[in-house]
Participant: 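Dropping a structure here in C-alpha cells format, bear with me for questions.
So that the names make sense, note that chain A is the first sequence line, chain B the second, and so on, each numbered from 1.
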Protein chains: 2
Amino acid sequence: MRIGELAARAGTTTRTLRYYETRGLLTARRTGNGYRTYDEDDLKLLRQIRTLQDFGFDLEETRPFVECLRAGHPEGDSCPASLVVYRRKLAELDALIEQLTSVRAQVGAQLARAEAAVPGGPEPKCELGGHA
Amino acid sequence: MRIGELAARAGTTTRTLRYYETRGLLTARRTGNGYRTYDEDDLKLLRQIRTLQDFGFDLEETRPFVECLRAGHPEGDSCPASLVVYRRKLAELDALIEQLTSVRAQVGAQLARAEAAVPGGPEPKCELGGHA
DNA sequence: GTAAGCCTTGACGCGGGCGTCAAGGCAAGA
DNA sequence: TCTTGCCTTGACGCCCGCGTCAAGGCTTAC
C-alpha cells in the first residue's frame, strides 16, 4: 500500500509517516516511480508507535519497540530493551503523578485560604467549620 | 534595585525579567541612564509569578494574580479572577492526574504481560541491596 | 586610561512533533 | 487532452519560556 492508505489505516497523516522516516523509524520500500510502499508489517509497526505515543512516550522511546518488531519478534515489547523503557516510564509516571498530586494539594490549600479571605468568595458547598 | 539584584533575589535571571516585561507582567521604572529600577513590591509580584510557575501555571494564567497585586490587594489571590484560575487549574490537575493514572495502569499491565512472555525477563529485584 | 562589571536592545536557537504551503511529477478516468 | 488526485522533496511556522550570543553604553575601581 502507499503512504496515504497507510496513514488512513493508522489514523494519522502522511506528514507524520514521512517524519518518522526521517527519524529512522518506519522505513519504506519504493516503487519504480519513487512512491513509498508499505505492507502489513509496517502497519503493525506504525500502530505500535502510535499506541506508545498515546501513552505519552516520545518518539525516541518507541525505538526499542520498533527494532524489536523489525527483528522478527511477535510483539514490540518482546525484547528486554522494551521492558527497560516500560519500567523507566512507569517510574517517570509515578514521579509525575506524585508531583502533580502534591501541587494539587497546595493549589487546593491556597484556594481554600483565599476563599476564606475574600468576602464574596467562599462559594460554600458546605459549612466549612474550621478548627478556629 | 536594578534588574540583576531583583533577579538574584527572586532566584531567576535578568533574561526572564525582561521577558516578563515584554509580556506585560512586571513593568519597570527607569533611571536617567535607562536602567530598569524595581522596588520591594516588584519583588513580591515576581515571587508570586514564580510560585505559580513552579506550580505549572503558564504565564498568562499568572496575569490575574499580578493585576490583583497591582490593584493594591494584599495577596495575588485576593481577587475573584485569581480564584477562577485556581479552580480551573484544579480541574486541569484532576483531569491530568486521572489520565496519567490510567496510562500508568495500562503500561503496568503491558509490562506484566510482556515480562510473563519473555523468558529472561521478570528480573526480580534481588541482590541489589534493596529494602530487604 | 582602562579594565571590570553592571546595564541596554536585538535577534537567533532550542525542543518535539508535526501542520502547511510551494512547486512539481505520475497515473487514471472522461 | 485535460482534469483530478495521488505522490515527491524542501522548507518555513508554531508553541513557550526562556538561553545565549552580539555590539555597545555607563560607572566605578585601580
Participant: Between P on dG17(D) and CZ on Arg50(B), what's the gap in Å once rounded to a whole number?
Facilitator: 10 Å
Participant: In whole angstrom, what separates Leu25(B)'s CG from dC18(D)'s C1'?
Facilitator: 14 Å
Participant: Does Arg15(B) make a side-chain N or O approach to OP1 or OP2 of dC12(C) shorter than 4.0 Å?
Facilitator: no
Participant: Taking CD in Glu98(B) as the centre, count heavy atoms belonging to other residues, nucleotides or ligands within less than 6.0 Å. Is the count above 12?
Facilitator: no
Participant: Could you list by number each residue of residues 51-61 of chain B showing a heavy-atom separation from DNA chain C of less than 4.0 Å, or answer none if no residue does?
Facilitator: none
Participant: Is there a side-chain polar atom (N or O) of Asn33(A) under 4.0 Å from OP1 or OP2 of dA27(C)?
Facilitator: yes
Participant: Do Met1(A) and Glu40(A) have side-chain heavy atoms sitting under 4.5 Å apart?
Facilitator: yes
Participant: Is Leu43(B) close to Tyr38(B) at the side-chain level, that is, under 4.5 Å between some pair of heavy atoms?
Facilitator: no
Participant: To the nearest angstrom, how far is Leu17(A) atom CG from dT8(D) atom C1'?
Facilitator: 14 Å
Participant: Can you find a donor-acceptor pair, distance only, under 3.5 Å between Tyr35(B) side chain and dG25(D) base?
Facilitator: yes
Participant: Just to confirm, is there a sub-4.0 Å distance from OP1 or OP2 of dG19(C) to any side-chain nitrogen or oxygen of Thr13(A)?
Facilitator: yes
Participant: Considering only NZ, NE, NH1 and NH2 on the basic side and carboxylate oxygens on the acidic side, decide whether Arg63(B) and Glu60(B) come within less than 4.0 Å.
Facilitator: yes
Participant: So, is Thr12(A) close to the dG17(C) phosphate, meaning a side-chain N or O under 4.0 Å from OP1 or OP2?
Facilitator: no
Participant: State, yes or no, whether a side-chain contact exists between Val107(A) and Tyr86(B) at a heavy-atom distance under 4.5 Å.
Facilitator: yes
Participant: Out of Arg29(A), Arg2(A), Arg36(A), which residue meets the salt bridge (Lys or Arg N to Asp or Glu O under 4.0 Å) rule with Asp42(A)?
Facilitator: Arg29(A)
Participant: Taking the minimum atom-to-atom distance to the side chain of Tyr19(B), which one of dT9(C), dG17(D), dG16(C) wins?
Facilitator: dG17(D)
Participant: Under 4.0 Å between a side-chain N or O of Tyr20(B) and OP1 or OP2 of dG17(D)?
Facilitator: no
Participant: Is the phosphate of dT20(C) approached by Arg18(A) (side-chain N or O, under 4.0 Å from OP1 or OP2)?
Facilitator: no
Participant: Starting from P on dC6(C), measure out to CD1 on Ile3(B) and report it in whole angstrom.
Facilitator: 13 Å
Participant: Is Glu21(B) salt-bridged to Arg18(B), going by a charged N under 4.0 Å from an acidic O?
Facilitator: no
